[in-house]
Every structure is written in structure tokens, then in C-alpha cells.
K.L.:
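To start, I am sharing the structure in question, which I have written as C-alpha cells.
Here is the naming used below: chain letters follow the sequence lines, and residue numbers restart at 1 for every chain.
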Number of protein chains: 2
Amino acid sequence: MPRPTITQVAALAGVSIASASRALNDQIASAETIEKVRKAAAELGYIPDSRARSLKLGRTQQLAYAVADIGNPVYVEMMSAVQHVVAASGYRLVISSTGTTSTSLEVVDELRRGHVDGLILSPLRVTDELIQALELAPVPVVVLGRAPEESTIDSVRADSPRGMRMVVDHLVATGRRRLVFLNGPRDTTPGRLREEGFLAAMAAHPDAEGRTFAAPDFTIASGYAAAQKVLDDADDAPLDAIVAANDLIGIGALHAADDLGWSVPGDLSITGMDNTELAEVTRPGLTSVDLGAAERGRLAAELLLARIAEPTRAVHTVTVAPSLTIRASSMAKPLAQATAERGVG
Amino acid sequence: MPRPTITQVAALAGVSIASASRALNDQIASAETIEKVRKAAAELGYIPDSRARSLKLGRTQQLAYAVADIGNPVYVEMMSAVQHVVAASGYRLVISSTGTTSTSLEVVDELRRGHVDGLILSPLRVTDELIQALELAPVPVVVLGRAPEESTIDSVRADSPRGMRMVVDHLVATGRRRLVFLNGPRDTTPGRLREEGFLAAMAAHPDAEGRTFAAPDFTIASGYAAAQKVLDDADDAPLDAIVAANDLIGIGALHAADDLGWSVPGDLSITGMDNTELAEVTRPGLTSVDLGAAERGRLAAELLLARIAEPTRAVHTVTVAPSLTIRASSMAKPLAQATAERGVG
DNA sequence: CTGAAAGCGCTAACAA
DNA sequence: TTGTTAGCGCTTTCAG
């Protein structure tokens, strides 16, 4: 049996389809009509067709979430939060993985198909071209990341510079003086911001020195190779802390240190960033900056829903405060030794 | 400026809207018409409205992926694979998180809105009620998990019993004789199957003995607590291997062993299941059975697309072969000691 | 408060 | 090959 339409509900209730529609939606009808229609709808198991509704109303009750790589734990965390908010508001979530190479422009172009009422976009690189496209997008867009100050696009950003500052302050406070920043690719937004944040933080500590090194990817393997190189050169260029640009690189560094016989945190502190589940799983646990991925996802979804509800509202740029989760990988030396005795190091 | 419609394209090209539609879709038109329409469409930047198309054609070019918890790494891995296949075939992916409590029945009901052309469902519990609902679903469904033999639903299943057999064989071959199976909740499909698989595998090794213990969740915290209890009781009930029902429980066990001063794999082998990214991150690395999550996701998507293309085709039940990834957590003793000297244990 | 009718944008008969 | 027309299922004027 085919799905019942509103026409059949109306027929069974003995009213016009217009009345049926009104009774079901606005409730603007006589009590008697509403009752009859509800009963008929229930009897037939009527559920309105979202395709027809979309066409008529010009909205789909769907939102898009587009990121470079939906497998990335940070994006997954955001997505869960987004999905939660979105579902609670009666929207569906359409995901699209843009791939690390593309510029997200295709995603914006796709919006013109009208299949979603809004977009949450986390672009790897924010180009002028992209911003321009977003301003002209047919539906509201919220950017997870840095949108230019003067743009008219809502955005939710992490505060990685401040996060970096927290990490560096913590390392210096626990006695580290020669820090190496292990970055991913510098031509990405996180790569650029985190490195700038690191250097700015170091500038506040004249008694400590920091240098930087860029791995080709934000991955464990890249982090491992990069850390290996840095640790191998330690005779010429000593160090007592590695500040990784993200958890994956940090874990790679943790493994490299382990394999090269460095004691963490005895000889070397290692920190990550993003505070993914992975950071909790390593031993020693990886100290990491939580940039509030879930919180950012939640806010992005709320901003988007608010703008859909009120398209002319003021532009919002929300920054989520980071927090530092200190784990064993960056404990101060006395603590570190106590830990090592238990067999952790 | 509003999105151009096919009416405007037709007007600019100087043909009827029907001709414009044919030229754009089937290409059944004179070369001249096709050329004119293409030019007009390009000039206006025309993109067909997917809402109107959905209503007219009765299909949305969207598929749904529904799992209990989209934050779970296994589901994420599947989702990535699904998204990959689906996007390559011109479909969009709508995700929905059913929550651990629900029976997935709401998801099936939602299908009647007609917003997707098919569903990939990974139910936590497969009830008769659910299967019945799936058989009556208005669009094709592929189940990730066990569908009853006689049902008419395509499904892709992991072979966790065989995976368990591989783990147990490996542990026995490396000298372990007293195995404890650390399960999650037994009233879930994976919980039941994995425990049965463990017991069946043990039956093949009369010289070894195995017992089981159920944690309330498939989480690190539950695994930690459960392992703690089992290890505390080791005087009365000795053991030399923990077989965890999944990686999270395995990692919890790894941490508990560490904290209680057990050397892994010196005193104790620990294994997980699912071979998530997490298993690679721990030290010692967690031996784990790869149940082919990505492969299952890929196959499920392909099965769904095939059924949509040919609704009357034969029912397919595909089983993906597991593979064992041996890491340091279950090395044989000689190897284990060599590793320990390097400071891993 | 209710019903008739228009129409969202598109595709697919059908006729020419 | 082309144009005319109906209609997918629904909401929303507009009269009554």
C-alpha cells in the first residue's frame, strides 16, 4: 500500500484538503474539524511528505555540515554536538566530506540546489574567494574557523593562540626552557595560527627559547618522523619540551621519544592540542589543550538556527575559550619521577 | 537575485521548458537545441532545484545512515566509507544518531516522510519488531549487523566469532592458558556474539581455561573497573590473558594492569577488538581484531545502491572476514622482555 | 471557519 | 524533435 496523502486524510475526515492541512499544522480550525482530521490521520498512519513540503515551503528542514575529513576526531566531536542541537530542533543533518585538497567552493555551489536551509562549514583554508562565495550563498552559513573581521558571516572560532599561551606558560612554570613547536603544514589556518600563537607565547618568556619545525601532515606518522629528527639533533640543539600542534603529532612524538629512549616527562615534556580521546589513552597521558570542539559545534548549530529564524539579526563572532588538561606527559620533574616509579614512563 | 528556474533558461534559449528539461537531462533533443539550452543555463548559472526534482521523481538522491552513537570510532569509520561510496554515486548522506536507548524504530518510521531513498542501519539490538518494520519499510534498508537468516533484508555482518577464534588461538599459541573474557553488556548483539565466540573458541582448546566477566558498558572506564576487579581476584582465580570485547574495554584493562603493577605482556596479555585508531596509540600497542568496519561500510553502501537500482534482486548477506593485528600487548614472553628493556612495558 | 483553486519547479505523457 | 499540459503533495491565498 502506498503512503497515504493529505487528500485521503481529508476524504476520510469529510473535509477539504485545505482544512485538513490547517488542522494538522496551524490548528486554525474548529475543534470539531481538528478532531476529525486528527482521527483520520491517525487511522491512516498519515505522515506528511517532506519532499512536497520542501517544494511548497521553500525549506527542507535540513542543514549541511561540511568538513575536509569526517574521520578526523575533532570534526567528529563537533559533528556529534551539531547533530544533537540540530535534531532537537527538528532538522536533519546532511554531511559532506570536502576532501583535503578542495577549497570548499563546490560545497557552497551545491547550496544552490536548495537541498539544505543552512550550512556549517569548517574550511581548511579561508580564501578571499571562499568568503566572497559565502557572502553570496543562497542560505545562511556559519563558519567554524576564522572569518575576516569585516565579513557578514557568523563564525565560531577556537582561541588557539590563547591555548598555546596556556601550554607554554605551563611548560615554563614546570621548569622547561627549550621548547620545540612541532607544527603541521604552515599553509593551513590552524598551522599558521598555532605557530603564531606559540611564538607570541614564547615572546612573553625571555628566559626560555623556542623554535619551530613543520611536519607535512597533522598525523601520527608525520609527528613521529618529525620528532625523531628533532630528538636526533638534540646534541646540537638541545630541548626539554615538545609542543605539538595537535594530538596526533603529539602522539607521534610520544612514540618517537619512547623508541629513542627519552623518558617522558622525565627528560622531556610533550603536549598536544585538541584534547581528543586519544590524549587520554596514551601512557603517559598527553597533556592537551581543549579547544572546545563540542562547544564550538553546539554554538555553530545554534547560531545557524538563530539566523535562519531571524535572517537580519546582527552578525555574531563567538570565540570559545580553551582549557588546558594537564596529564602525565608534562608533569614537573618531581611528580614525573613519582609516576615513573609506578612504571608509567 | 533569486535562483534561476528552468523556465528562465527555456525563455533565454527560446525553447519550451520541456525541451530545456530534455536537453539538460536525457539529451534527447537536436544538437542545436542542446547547444542553445546549455549556453542559456551556463549564462544564468542554472542549477536544478533538488526539492522540485525530488517531488516529481519520487526520489531524493539522499541516503540515511543511522547508528546509536555517531561519536563511536567504529561507526565513524563505517560512516567515512559509506560517505565515500555514496558521494561518488551522486547521493547525499543524512546522518541520524538514534541514541543508545531507542530501538531504531523511530528511524524506520521517519522513512515514511520520503526524505531518503534508502537507509543503512546499525541497530544495537535486532528485535523481531524491528525486523518486521524493516521488511515493511517504504525504501530499501541495509542492516549493518545480524539480520535473521530468513529475512528479506540485505545485510553486512562482521564475523566476530571467527575473530574471537583468531584471538584465542593466538593467545594459546603464545603460551597463555587462563583467559578472562571482559565483555560489555550481554544483552547487546555484539556482547552476545562475542561472548559466544569466545566460549566456542575456548572449547577448541581443552588445555586452556576461559571465564567471562561483563562490564556495564563498552567504555574505557567500565573496562578499567572490570579489569581492576578481575586482577584483584587473581590470587583466587589466576589469569594470564584478558580478552576484551572491544578496544575501549581493552584500553581500560591496559590502564588498570599498569596501575596495579602488572607487566603487559610480561605477566599478562591483553587484546581488544575492532582495531580502532586507539589500539595503535597505546603503549604497548593493543593487539586487536579488525572486523573490517570500513569494508563493511563500503559494502553496505554498495548493496544499498544496487538494490535501489534493482529492487527485485536477490537478497545479499555479506560477511566480512576479520583479521588479527598483533601488537605488543600480546607478544610472547621472549619478545615481551626484549620490548620491556626498551622501556615500553 | 471553510472550500476552491493556484502554484512551488520540475519531468513525462501525449499530440503535433 | 518539439510544445502543450498534467500533476507530484502540499500550503496558502482568496472568496464565501
K.L.:
Within less than 4.0 Å of OP1 or OP2 of D:dG9, is there a side-chain N or O belonging to A:Arg53?
P.N.:
no

K.L.:
Of the candidate nucleotides C:dC8, D:dG7, D:dG3, which contains the atom at the shortest distance from the side chain of B:Val15?
P.N.:
D:dG3

K.L.:
Within this structure, what is the NZ-to-C1' distance between B:Lys56 and C:dC10, rounded to whole angstrom?
P.N.:
7 Å

K.L.:
Return whichever of B:Ile34 or B:Ala52 has its heavy-atom-nearest nucleotide of DNA chain D closer to the 5' end.
P.N.:
B:Ile34

K.L.:
Expressed in angstrom and rounded to an integer, what is the separation of B:Lys36 atom NZ from D:dG3 atom P?
P.N.:
8 Å

K.L.:
If only side-chain N and O atoms of A:Ser54 are considered, is one of them under 4.0 Å from the OP1 or OP2 phosphate oxygen of C:dC8?
P.N.:
no

K.L.:
Could you work out which one of C:dA12, C:dC10, D:dT11 sits closest to the side chain of A:Asn25?
P.N.:
D:dT11

K.L.:
Under 4.0 Å from OP1 or OP2 of C:dC1: is there any side-chain N or O of A:Ser19 that close?
P.N.:
no

K.L.:
Scan B:Val67, B:Leu144, B:Val156 and name whichever one has a side-chain contact (heavy atoms from CB on, under 4.5 Å) with B:Met78.
P.N.:
B:Leu144

K.L.:
Tell me the interatomic distance from B:Ile28, atom CD1, to D:dG3, atom P, rounded to whole angstroms.
P.N.:
15 Å

K.L.:
Could you tell me the separation between the CZ atom of B:Arg3 and the C1' atom of C:dC8, rounded to a whole number of Å?
P.N.:
12 Å

K.L.:
Taking the side chain as every heavy atom from C-beta outward, state whether B:His115 and A:Gln61 have any pair of such atoms under 4.5 Å apart.
P.N.:
no

K.L.:
Starting at the 5' end of DNA chain D and moving along, which residue's nearest nucleotide shows up first, B:Leu55 or B:Ala20?
P.N.:
B:Ala20

K.L.:
Look at all strands and tell whether A:Ser21 reaches a base, only sugar-phosphate, or nothing, counting heavy atoms closer than 4.0 Å.
P.N.:
base

K.L.:
CZ of B:Arg51 versus P of D:dG7: gap in Å, rounded?
P.N.:
24 Å

K.L.:
Classify A:Leu57 by what it touches in the nucleic acid, base, sugar-phosphate, or nothing, heavy-atom distance under 4.0 Å.
P.N.:
sugar-phosphate

K.L.:
A:Glu32 or A:Ile17: which one's nearest nucleotide on DNA chain C is closer to the 5' end?
P.N.:
A:Glu32

K.L.:
Check whether any side-chain N or O of B:Thr7 sits under 4.0 Å from OP1 or OP2 of C:dC10, and answer yes or no.
P.N.:
no

K.L.:
Are A:Leu305 and A:Tyr91 close enough that some pair of their side-chain heavy atoms sits under 4.5 Å apart?
P.N.:
yes

K.L.:
Mind checking whether A:Val108 and A:Leu136 have side chains closer than 4.5 Å, heavy atoms only?
P.N.:
no

K.L.:
Answer yes or no: is there an ion pair linking B:Lys39 with B:Glu35, defined by an N-O contact shorter than 4.0 Å?
P.N.:
no

K.L.:
Just the rounded figure in Å: distance from P of C:dC1 to CG of A:Asp26.
P.N.:
11 Å

K.L.:
In whole angstroms, how far is the P atom of D:dC10 from the CZ atom of B:Arg112?
P.N.:
12 Å

K.L.:
Which whole-number value in Å describes the distance from A:Asp49 CG to D:dG9 C1'?
P.N.:
6 Å

K.L.:
Check every strand shown and say whether A:Ala18 touches a base, only sugar-phosphate, or nothing at a heavy-atom separation below 4.0 Å.
P.N.:
base

K.L.:
Donor-acceptor check, side chain of B:Arg113 to backbone of A:Ile47, threshold 3.5 angstrom: yes or no?
P.N.:
no

K.L.:
Under 4.0 angstrom, heavy atoms only, what part of the nucleic acid is B:Arg22 near: base, sugar-phosphate, or nothing?
P.N.:
base

